[in-house]
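What follows is a structure written as C-alpha cells; I'll ask about it next.
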There are 2 protein chains.
Amino acid sequence: MIKLRDLEYLTAIDEHKHFGKAAQACFVSQPTLSGQLMKLEQQLGLQLVERHRRNVMLTPAGEQLVKEARKVLQAAGEFESCAKALLDPFAGDLHLGLIPTLAPYLLPHIMADLNTTLPNINFFLHENQTKVLLQQLDEGKLDVLILPYLAEMEKFESYQLFDEPLMLATPKNHPLATKKSLSLADLHGEKILTLADGHCLKDQAMGYCFAAGAKEDNSFQATSLETLRHMVASGMGITLLPALAAQGNLASDTLHYGKFQAPVPIRGISLVIRPNYSRMQCVRAIVASVRKSLSDIIT
Amino acid sequence: MIKLRDLEYLTAIDEHKHFGKAAQACFVSQPTLSGQLMKLEQQLGLQLVERHRRNVMLTPAGEQLVKEARKVLQAAGEFESCAKALLDPFAGDLHLGLIPTLAPYLLPHIMADLNTTLPNINFFLHENQTKVLLQQLDEGKLDVLILPYLAEMEKFESYQLFDEPLMLATPKNHPLATKKSLSLADLHGEKILTLADGHCLKDQAMGYCFAAGAKEDNSFQATSLETLRHMVASGMGITLLPALAAQGNLASDTLHYGKFQAPVPIRGISLVIRPNYSRMQCVRAIVASVRKSLSDIIT
DNA sequence: TTAATTGATAGGCTTTAACTATGATTAAGT
DNA sequence: ACTTAATCATAGTTAAAGCCTATCAATTAA
C-alpha cells in the first residue's frame, strides 16, 4: 500500500526540482527523501524522476502521477480539517480569498465583527484576481472566497452577501459632477478610464459603460483602484468605482462621486465555497456576520 | 500525519460494524485493528466508534469522517491504478458495468474481439440497473459502463457506440405481425407489456409508445426481458424489444419481431467513464473494438 | 586542479505496526 | 443463577520501516 508521506515527497520534488530543497520542505534529511522516493519507484516499477547532474526532471509517468498524488493529498487534507472542524466547529485556521478591488475597502468593515463572532478562528487573508482565487479554492489552498458572483462559479456553492453599487468618479469640475440626476445614459459618448485586464471589475464596469454607449480609454490601464482614483483626481478622465472604494472620500477636494439613478449599476458580492465543504457551521456564521456588518453601510 | 491504513480500518468498521470481521477484511488481527483505531481516535481527539458489547456503532463524527476517508482511499486507489496503467496501458483489471437488458445480448458479440485486442486486460462484468452503475462508476468501483445514454450522464464522459433499434414483439397470430409496413403510429390504442420499474428500457420504450398513443398494460410487469419475451410468446400482449435481444429468435414458432419504418425507435448505446479517467488508451481501444464488432450486426 | 554542489550509499537508532495470548464484560442458553 | 459464547481491550514481543548522521561519487564552476 502506498504511503501518504511518499506522495508528499514526490510532490515536493516536483515543486523544487531539487532533492535537498524538497527534503527541507518536508522536514526530513536529503538521504531520507532520496531513499523513500527510490523505494516508491521500485514499488511502482516506474521511474518517476530523471536525475541529471544539474537539474532534476520528472518523467512523463512522474508528471502524471504527481497529479494523482496531489488529489490524494488534498483529500487527506480535507479529512484532517474535517476532523478539526468536528472537534470545535468554530475554531482553526481559515483561508479567505478576496479580490484586490474589494479587499482593502471591505475588510475594515467586516473583520472586527468576524473576530468577535468567531474568536477562535484564525483568518488568513489572500488577495488575488478571481481566476487565481477560484483555482486555489478548488485546490483546497483557500477555504472561502468573497468576490463578485460570476456565472463561471456555478460549480461552487455561493451565498449572496450584498449588492455593491458602482459610482461615477469624476474630477470636481467635470460637467457630470454637477448634474442633479445622474443615469447610466449620461455616459453616452464618454471615454472611461479602466483597470488592467484580469480585474473582474474592469469587465463589469465596462459592461455597463458599453451598454450606455461609452468607450474605453485605451491610452492607459491602471493596475490598482488607487491609481485609478488618482488619475481621475488629476483630471485625466472619469471611471466607475465600487461604492465601498468611494466611501470616506466623498468630500475630496478634487474628486466627485456620483450616485446613479435607477437602474443603478451594481456588482453582487457573494461568498463562495467548495460544494460539501466540511465547515458549514463556520461558513453560515461568516455569511451572517458579513451581512450584518454591511447592512449599516450599504443602503 | 494520517495513515491510509488507518482510514481503511475505519471504513472496514463502518462496513462490518464488528471489530473481528473488519480486521479479517483488512487481513490483520483484531487487536491490531482495535489498537490502531484507538490510536486514530486519540490522534484526532475524537471518538469515532461507540463500542457496545453487542453492536458497534459509529458516532456522528465517525460517520462524517468515514465519508472523507472513502474519498481519500478512492483517490489513493486511482493513484495506484494510474501507476499500473503507466506500466502497461493495456494490462490490468477492468470492471465493466452493463444493464440487464443489454448485457446478455451484447456481450457475446463483443467479448471475443475485446479479449483479442486487449489480451492482458482482465474484464470483470457487472450487471446492474443504470442508477446503481452510475453510482458505482462515480465511487470508482467500476471503470467503464456500457448503457443507453441519458441526459443525467452529462457529468461523465461518454462515447457513442451504436444505435440499437427497438422492434415490435408480437405473437405470431397478432394482426400487427402480418402488416407489411410497420410504423410507430400503428401502436395507437394498443396495450403494451413492460418491464418492472427501474429498468431504463421501460422508460425509453414507453416514451415511444405513449407518443404513439399506446398505453401501458398495468396488470403485469416483467422482471426480465426473457420473462417479457415469454409473456408475449404465450399471447398475453405485445411489447418493444431491443434488436440485440430479438436477434436469433426471429424465426420462433410463436413470436414475431417487427421492424419499424422510419422514424425507427432506437436507444443510443454509449460507453461512459469518469472524466479524466487515467486509462484513456485502454478506453479508446475498447470503443474501437466494440464499434467494429457491432458494425456487422447493427445495420 | 580545486572547491562546491548534489544525489546516492552505509550503518545504526527509534518508532511502530503487527502478531499471539489473555483478560474483561456482556448476552444468551441451560 | 450459572455457564458458555461472543466480542473488544490489554500486555508483551518481534520484525520492519523510516529516519538520522556521516560519507562517498560525480559533476560543475572557478
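Order of the sequence lines fixes the chain letters, A, B, ..., with proteins taken first and strands second; residue numbering starts at 1 for each chain. Remember, predicted model here, so these are calculated numbers, not experimental data. The basis for the numbers below is simple: all heavy atoms, side chains too, and nothing from hydrogens, waters or symmetry mates.
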Residue pair A/Thr223 / A/His199: nearest heavy atoms and the distance that separates them: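 Between these two residues, the closest heavy atoms are O-NE2, 3.7 Å.
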Aromatic ring pairing A/His126/A/His95, orientation class (parallel under 30°, perpendicular over 60°, tilted between):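 Ring orientation, 0 to 90° scale: tilted.
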D/dC19 OP1/OP2 closer than 4.0 Å to side-chain N/O of A/Arg5: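 True: A/Arg5 side-chain N/O within range (under 4.0 Å) of D/dC19 OP1/OP2.
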B/Gln30 CD: over 12 foreign heavy atoms closer than 6.0 Å: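 For B/Gln30, atom CD is crowded (more than 12 foreign heavy atoms under 6.0 Å).
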Neighbour count >12 (heavy atoms, 6.0 Å) for atom CE, B/Met280: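 Above 12, so yes.
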Short side-chain N/O contact to C/dT5 OP1/OP2 from A/His18, under 4.0 Å: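 No, outside the criterion.
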A/Lys17 NZ to C/dG7 C1', straight-line distance once rounded to whole Å: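 Rounded to whole Å, this separation is 17 Å.
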Nearest atoms (heavy-atom pairs only) where B/Glu80 meets A/Ile2: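 Shortest heavy-atom separation between B/Glu80 and A/Ile2 comes out as OE2-CG1, 3.0 Å.
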Would you list the protein and nucleotides 10-12 of chain C atom pairs, both N or O, that sit under 3.5 Å from each other?
none

For the student: nearest non-hydrogen atoms of A/Leu147 and A/Leu102, plus distance: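 Answer, listing the atom of A/Leu147 first, then A/Leu102: CA-CD2, 4.2 Å.
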Residues, nucleotides or ligands: over 12 heavy atoms within 6.0 Å of B/Gln24 CD: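 Open.
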Whole angstrom value for the distance that separates C1' of C/dT16 from CG of B/Asp6: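 Going from B/Asp6 (CG) to C/dT16 (C1'), I get 11 Å.
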Interatomic distance where CD1 belongs to B/Ile13 and C1' belongs to D/dT7 [whole Å]: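 B/Ile13 atom CD1 is separated from D/dT7 atom C1' by 11 Å.
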Value in whole Å for how far the P atom of D/dT27 lies from CZ of A/Arg51: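 Spelled out: CZ on A/Arg51 to P on D/dT27 is 15 Å.
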Value in whole Å for how far the P atom of D/dT27 lies from CD of A/Glu50: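 Taking atom P of D/dT27 as the reference, CD of A/Glu50 is at 16 Å.
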Contacting residues from residues 33-47 of chain B, given that a heavy atom lies under 4.0 angstrom of DNA chain D: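 Contacting residues: B/Ser34, B/Met38.
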Shortest non-hydrogen contact between A/Pro275 and A/Phe156, atoms and distance: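 Looking at all heavy atoms of both residues, the shortest contact is CD-CA, 4.0 Å.
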Atom-to-atom span, CD of A/Gln30 to P of D/dC24 - whole angstrom: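 Roughly 15 Å, once rounded to whole Å.
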Nucleotide nearest B/Phe19 when distance is taken to its side chain, options D/dC8, D/dC19, C/dA18: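 Closest of the options to the side chain of B/Phe19: D/dC8.
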Touch class at under 4.0 angstrom, heavy-atom based, for A/Lys21 against every strand present: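 Contact class for A/Lys21: none.
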Selected nucleotide, minimal atom distance to A/Ser29 side chain, candidates D/dA9, C/dT6, D/dT21: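 Selected nucleotide: D/dT21.
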Distance in angstrom units between B/Phe27 CZ and C/dA18 P, rounded: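 Checked: the CZ to P distance equals 14 Å.
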Phosphate contact (D/dA17 OP1 or OP2) by A/Lys3 side-chain N/O below 4.0 Å: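 No, A/Lys3 has no side-chain N/O under 4.0 Å of OP1/OP2 on D/dA17.
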A/Leu137 versus A/Leu142, closest heavy-atom pair with distance: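 Closest heavy-atom pair between A/Leu137 and A/Leu142: CD1-O, 3.5 Å.
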